[in-house]
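Here's the structure, in structure tokens; my notes come after.
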Amino acid sequence: MNIFADFIDRVMKAVESLDLRAKDGGALDFSRITVEPPRDSSHGDLATNAAMVLSKAAGENPRALGERLAKVLAEDPDVAEATVAGPGFVNLRLGNAFWHARLGEMLELAGDYGRSTIGAGHKVNVEYVSANPTGPMHVGHCRGAVVGDALANLLAFAGYDVTREYYINDAGVQIDVLGRSVLLRYREALGEDIGTIPEGLYPGDYLKPVGQALVDEFGTKLLEMPETDALAIAKDRAVDAMMAMIRDDLAALNVHHDVFFSERSLHAGNGGAIRSAINDLTMKGHVYKGKLPPPKGQLPEDWEDREQTLFRSTQVGDDIDRPLIKSDGSFTYFAADVAYMKDKYARGFEHLIYVLGADHGGYVKRLEALARAISDGKLKLTVLLCQLVRLFRGGEPVRMSKRAGEFITLRDVIDEVGRDPVRFMMLYRKPDAPLDFDFAKVTEQSKDNPVFYVQYASARCHSVFRQAKEQLGVESFDRATMRAALHRLEDEGELALIRKLAEFPRLIESAAQAMEPHRIAFYLYDLASQFHQQWNRGTESDSLRFVKVNDQELTHARLGLVQAVCDVVGSGLALVGADAPVEMR
RNA sequence: GGUCCCGUAGCUCAGUAGGAUAGAGCAUCAGAUUCCUAAUCUGAGGGUCGCAGGUUCGAAUCCUGCCGGGAUCACCA
């Protein structure tokens, strides 16, 4: 249960009972009424702004209105105290029994606690990674992969019907280059001395096995057939090999996709799918033949005014019209995108989310324009731009040159730092901010890494249970017994921990709606912090220890609290995509 | 030049759909281990929320204009 949503209903009812009338006789606007946790917990458990929001229209002093509202709300059996504070906030303090009941629900729901139906089964497509299949994934892909994956996890947990999708850019010039690079490695595998790799081809060693595989499969046959045929085969095998490599890398990062969509498939059959998509746009009047105005500012040296087939995207919100067919009659990359988005729309998605790197910022408007044109405004489209990751080692920037084949691969980073720290670090920042990733900090000073802090909370929960079993000489503890004892939780720190746990459902819903998975990471850190605090209070005051051998009921109650922390930390870490360890050594 | 993002403590960053006295971590200083894992905890100092206007009961948050930093601009993929 999202207690904040629950109390909005109760506040609304209370407000209605006041029988307020707008001064001008119209209806009062209740939509701005909120119920939130107060920033300062000393103010209470919940705060509502209802009196301040309504006072003006109702022509009543906000504090006076607040007093009336507080009086009604105080009659709610769950409300221990309702007071007016500041400019007219109504602060509610809830009774311990209310919190005990919430904790009981958490224990009942276990791993499903926090799961929401707010997504109502809406079909959402999250496209992320979509790295070009021309080589292994490098660190630059890492952030989008983690953010996209965590977002998909979050949306699914919030009740959306999520499809995780990867667009394989297996067409175009770069794939020709890949094919030619592989053919060179093929000749090398046949014993030919190829010397240095020519400029413009991919020099990486990772293509050697692909060349060898071609030898294993075809022997010298590729040399004997026309080059275009050989190239086609080389491209085909190379893309498959690269994608296999990329899938392995993604799996190492705990990233999985439901659909791998091939760009090449859109070009199949003489570009039938693309042709048809452009035709659709043409029927709707979004396509014309014409010339683009030259770019503003500095004119490119090779600028030439040419007639092309253009998408009139300016009519649907873009800054400039976009070419679909080049002057030589071939399709632009964007033309394939038109067909691709049409396909997604036809598959019934209501919302398309693209997780892209900041270098794709210029692409956002044309995608939005395209969505409008394709669906007549019905399709919702969101682009999540992740700012770039800058790599450091001991404060020094790490240089990479893709041309020289020297780059840090995703696998390198995972091997050096570990999967969980990588995932957590990528989420421990909102995506709009650039991220400095320092190997030295994430590995050497691992104790400063927030992921260990959170995982330690999980390990500590399990440790408490291990200790409890030993001290009480019990095999296991069951949730029903814990639930029956919860009324014994009276310590302020324990209640504060329950309140923190009670925020989890609201967090999930708001993070999902805002599409901000990083909020989970920050929440987990807060929760872990509060749990570590409570644990340490037991070292200062013996009466606050979780395990009390001479009071089994109290022990069960506190273990219930520990269990709930364990559940929520576990759920949260699962959304982040990291493990919740049972112990840390 | 156009578009997008960012600017909050010495450093790295949060700030929950406009809320109350702006918060963490690191670093600095002072403390806690006969004790369920010290990978932890307690306390202290540290702020013109880039600048200037505007919107309103109320702005770090929304709007406008500046200043500073980054990304991007194509018949590329």
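A note on names: the letters A, B, ... follow the listed sequences, proteins ahead of strands, and every chain is numbered from 1. Values reported hereafter were calculated over all heavy atoms of this structure, with side chains retained and with hydrogens, waters and symmetry mates removed.
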Take atom [atom1] of [X] and atom [atom2] of [N], then tell me their distance rounded to the nearest Å.
X	N	atom1	atom2	result
A/Arg32	B/G19	CZ	P	11 Å
A/Phe522	B/A14	CZ	C1'	5 Å
A/Leu324	B/A77	CG	P	14 Å
A/Tyr363	B/G2	OH	P	24 Å
A/Asp542	B/U33	CG	P	15 Å
A/His518	B/G25	NE2	C1'	16 Å
A/Asp318	B/C4	CG	C1'	13 Å
A/Asp359	B/A74	CG	P	14 Å

Identify which nucleotide among [options] has an atom closest to any side-chain atom of [X], counting heavy atoms from C-beta outward.
X	options	value
A/Arg506	B/G19, B/U16, B/U3	B/U16
A/Gln174	B/A77, B/A39, B/U3	B/A77
A/Arg519	B/A39, B/A20, B/U16	B/U16
A/Lys326	B/U16, B/A77, B/G19	B/A77
A/Tyr525	B/A77, B/U40, B/G25	B/G25

Worksheet entry | Closest-nucleotide 5' rank along RNA chain B - winner of A/Asn91 and A/Ala459 | A/Asn91
Discussion item. If you assign A/Ser510 and A/Arg366 each to the RNA chain B nucleotide with the nearest heavy atom, which residue ends up on the more 5' nucleotide?
Written reply: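 Its nearest nucleotide lies further toward 5', so the answer is A/Ser510.
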For [N], does OP1 or OP2 lie under 4.0 Å from any side-chain N or O of [X]?
X	N	result
A/His360	B/C73	no
A/Tyr340	B/A77	no
A/Lys500	B/U16	no
A/Gln533	B/U42	yes

[X] side chain to [Y] main-chain N or O, any donor-acceptor pair under 3.5 Å?
X	Y	result
A/His141	A/His138	yes
A/Asp491	A/Gly493	yes
A/Asp420	A/Asp579	yes

Please tabulate, for side-chain N and O atoms in residues 526-533 of chain A, each donor-acceptor pair with protein atoms closer than 3.5 Å (sequence neighbours left out).
unit_1, atom_1, unit_2, atom_2, d
A/Ser529, OG, A/Tyr453, OH, 3.3
A/Gln530, NE2, A/Ala496, O, 3.0
A/His532, ND1, A/Arg460, NH1, 3.0
A/His532, NE2, A/Tyr453, O, 3.2

Looking at [X] and [Y], does any basic side-chain N land under 4.0 Å from a carboxylate oxygen?
X	Y	result
A/Glu503	A/Arg506	no
A/Glu492	A/Arg499	yes
A/Lys291	A/Glu307	no
A/Lys365	A/Asp318	no
A/Lys430	A/Glu516	no

Please state the [atom1] separation for the pair [N] and [M] - nearest whole angstrom.
N	M	atom1	value
B/G70	B/G25	C1'	25 Å
B/A9	B/A22	C1'	11 Å
B/A20	B/C62	P	15 Å

Touch check for [X], heavy atoms < 4.0 angstrom, all strands: base, sugar-phosphate only, or nothing?
X	result
A/Pro62	nothing
A/Ala47	base
A/Asn132	sugar-phosphate
A/Glu583	base
A/Ala85	base

Practice prompt. Represent RNA chain B in dot-bracket notation, 5' to 3'. Only Watson-Crick or G-U wobble pairs with both distances under 3.5 Å count; pseudoknot-style crossings use [ ] and interstrand partners use |.
Written response: (((((((..((((.....[...)))).(((((.......))))).....(((((..]....))))))))))))....
Worksheet item: Any luck finding a side-chain donor-acceptor pair between A/Asp170 and A/Ser262 under 3.5 Å?
Response: yes
Worksheet item: Between A/Arg312 and A/Tyr288, is NZ or CZ placed under 6.0 angstrom from the six-membered ring centre and within 45° of the ring axis?
Response: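 Positive - A/Arg312 is close enough to the ring of A/Tyr288 and near enough to its axis.
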Find every protein N or O atom lying less than 3.5 Å from an N or O atom of nucleotides 5-12 of chain B, and list the pairs.
unit_1, atom_1, unit_2, atom_2, d
B/C5, O2', A/Asp432, O, 3.0
B/U12, O2', A/Arg429, NH1, 3.4
B/U12, O2', A/Arg429, NH2, 3.4

Discussion item. Pair A/Gln387, A/Asp432 - check side chain to side chain donor-acceptor pair (under 3.5 Å), show working.
Written reply: CA-CA 6 Å; A/Gln387 293 299 315; A/Asp432 316 309; over 6 Å; no
Worksheet item: Looking at RNA chain B, which of residues 420-428 of chain A put a heavy atom within less than 4.0 Å of it?
Response: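 Within residues 420-428 of chain A, no residue comes under 4.0 Å of RNA chain B.
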Worksheet item: Residues in side-chain hydrogen bond (donor to acceptor under 3.5 Å, both in side chains) with A/Arg180, at least two apart?
Response: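 Here no residue qualifies.
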Worksheet item: With a 4.5 Å heavy-atom cut-off, do A/Met425 and A/Val146 have their side chains touching?
Response: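 Of all side-chain heavy-atom pairs linking A/Val146 with A/Met425, none is under 4.5 Å.
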Discussion item. In the structure I gave you, are the side-chain heavy atoms of A/Met515 and A/Thr382 within less than 4.5 Å of one another anywhere?
Written reply: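 A/Met515 reaches A/Thr382 side chain to side chain.
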Tabulated below should be each protein N or O lying under 3.5 Å from an N or O of nucleotides 34-36 of chain B; please produce it.
unit_1, atom_1, unit_2, atom_2, d
B/C35, O2, A/Thr539, O, 3.1
B/C35, N3, A/Thr539, O, 3.4
B/C36, O4', A/Arg545, NH2, 3.4
B/C36, O3', A/Gln467, NE2, 3.0
B/C36, N4, A/Trp535, O, 2.6
B/C36, N4, A/Trp535, NE1, 3.4

Worksheet item: Under 30°, 30 to 60°, or over 60°: which ring-plane class applies to A/His556 and A/Phe477, parallel, tilted or perpendicular?
Response: perpendicular
